[in-house]
Amino acid sequence: MEPDETLHTIEKAATWNVNSLKVRLPQVLDWLAREKPDVACLQETKTPDGQFPVQAFHSIGYEVVFAGQPAYNGVAILSKFPIESPETVMDRSEDDHRRFLSARIQGVQVINVYVPNGQDLDSPKFSYKLEWLDRLGHYLDRFTPEREPVLLMGDFNIAPGDLDTWDPDGTRNQIFHSEPERYGLRSLFSKGFIDLYRKIHPDTQAFSWWDYRMGSFHRNRGLRIDLVLATPPLAKRCLDVTIDRQIRKNDRPSDHVPVTAFFTS
DNA sequence: ATGACTTATACGATAAGA
């Protein structure tokens, strides 16, 4: 154990799919100034590494690591504490999508994921999604969940169960709700990764994403697909998880909202 | 209703998201 790790622990960690950091940067900076998470994982930055706004985050006290590309995907970890040993790929595959970032922060392994969308069950993108989840599982096998604190958070593009979708009957076996996807997610749970929102709020319906179209937010037709998972040493310390629905009312909002987990020190 | 918005790329139309 490093001496510093006992002095400062992660007490507040958040995940937010920002749907273009270029468009959302002012909102992200406002949110950080207001909420002050110790660690924030962003997805869909859609920003090449050379254009990442490093200085904007440094100037408000955040270290950053990022893995981006033009137009699509892109992930970043922001931290008030030092970020050690960042990894931008999860294995030796040829996959060039920037969807993964893993680093050590105050003795916690923080893993940021942007799981592929999959499009529909007939698409090659669906096979890619399932393969990607399988590869993530293999990456996670290096950890001992019962003993090690690991935070795995991001946009999973899977509604874990019927409570996590506005229309469980209409969406059954559709994309985000299909059995193969849910099996992939359950296989992460079975390794010891715990869905913290569902642990703390077993019966509450709360969504983290709403379609831009059809007034879906106003009608609360959404999904809970942005998740914070943690291994038992961290899950035991979790006090609450909140989903910031209010931020979806901003001008030019992301279609996702932040999910934030709180831990005892 | 293979739609509806929003973003990126590139400057109009298409791809992609979820």
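Side chains are part of it too, since the values below use all heavy atoms of this structure and drop only hydrogens, waters and symmetry mates. Small disclaimer: the values here were computed from a predicted structure and weren't measured. Chain A is the first sequence line, chain B the second, and so forth, proteins listed ahead of strands; every chain is numbered from 1.
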Next on the checklist: Need one value for Asp211(A): base, sugar-phosphate or nothing, where a base atom within 4.0 Å counts as base even if backbone is also close, heavy atoms only.
Outcome noted: nothing
Item to check | side-chain hydrogen bond (donor to acceptor under 3.5 Å, both in side chains) against Asn19(A), all qualifying residues, sequence neighbours excluded | outcome: Lys46(A), Tyr212(A)
Next on the checklist: Would you measure the distance from the C1' atom in dA15(B) across to the matching atom in dA10(B) and give it in whole Å?
Outcome noted: 13 Å
Checklist outcome for this item: Note: contacts of residues 243-260 of chain A with DNA chain B (heavy atom, under 4.0 Å) are Arg252(A), His256(A)
Checklist entry - Across the strands shown, which category fits Arg221(A) at heavy-atom distances under 4.0 angstrom: base, sugar-phosphate, nothing? => result nothing
Item to check | Spacing between Tyr212(A) atom OH and dT6(B) atom C1', to the nearest angstrom | outcome: 5 Å
Checklist entry - Is the closest side-chain heavy-atom distance between Asp164(A) and Ile225(A) below 4.5 Å? => result no
Checklist entry - Can you list the residues that meet the side-chain hydrogen bond (donor to acceptor under 3.5 Å, both in side chains) rule with Lys80(A), with sequence neighbours excluded? => result none
Next on the checklist: Going by ring pair (Phe, Tyr, Trp, His ring centres under 6.0 Å), name the pairs with one or both residues in residues 34-71 of chain A, residues two or more places apart or in two chains.
Outcome noted: Phe52(A)-Phe57(A), Phe52(A)-Phe66(A)
Item to check | Partners passing salt bridge (charged side-chain N to carboxylate O under 4.0 Å, His left out) against Arg142(A) (at least two apart in sequence or in another chain) | outcome: Glu87(A)
Checklist entry - Taking the same atom, C1', in dG3(B) and in dT14(B), what whole-Å distance lies between them? => result 16 Å
Checklist entry - Residues in side chain to side chain contact (heavy atoms under 4.5 Å, CB included) with Ser85(A), at least two apart? => result none
Item to check | Non-neighbouring partners of Ala40(A) that pass side chain to side chain contact (heavy atoms under 4.5 Å, CB included), sequence neighbours left out | outcome: Trp31(A), Leu32(A), Pro37(A), Leu78(A)
Next on the checklist: Just the rounded figure in Å: distance from C1' of dG17(B) to CZ of Phe176(A).
Outcome noted: 8 Å
Could you go over nucleotides 9-14 of chain B and give all protein N or O partners under 3.5 Å, atom names and distances?
unit_1: dT9(B); atom_1: OP1; unit_2: Ala71(A); atom_2: N; d: 3.2

Item to check | Hydrophobic cluster partners of Leu152(A) (side-chain heavy atoms under 4.5 Å) | outcome: Met90(A), Phe100(A), Ile111(A), Val113(A), Val115(A), Tyr128(A), Trp132(A), Leu133(A), Leu136(A), Tyr139(A), Leu140(A), Phe143(A), Val150(A), Phe156(A), Ile158(A), Leu185(A), Leu188(A), Phe189(A), Phe193(A), Leu227(A), Leu229(A)
Checklist entry - What residues, two or more places apart in sequence or in another chain, satisfy side chain to side chain contact (heavy atoms under 4.5 Å, CB included) together with Pro70(A)? => result Pro48(A)
Checklist entry - In residues 161-168 of chain A, which residues come under 4.0 Å of DNA chain B by heavy atom? => result none
Item to check | Residues which pass side chain to side chain contact (heavy atoms under 4.5 Å, CB included) with Thr144(A), listed by chain and number, not counting sequence neighbours | outcome: Arg147(A), Glu148(A)
Checklist entry - When the P atoms of dG12(B) and dA1(B) are considered, how many whole Å apart are they? => result 34 Å
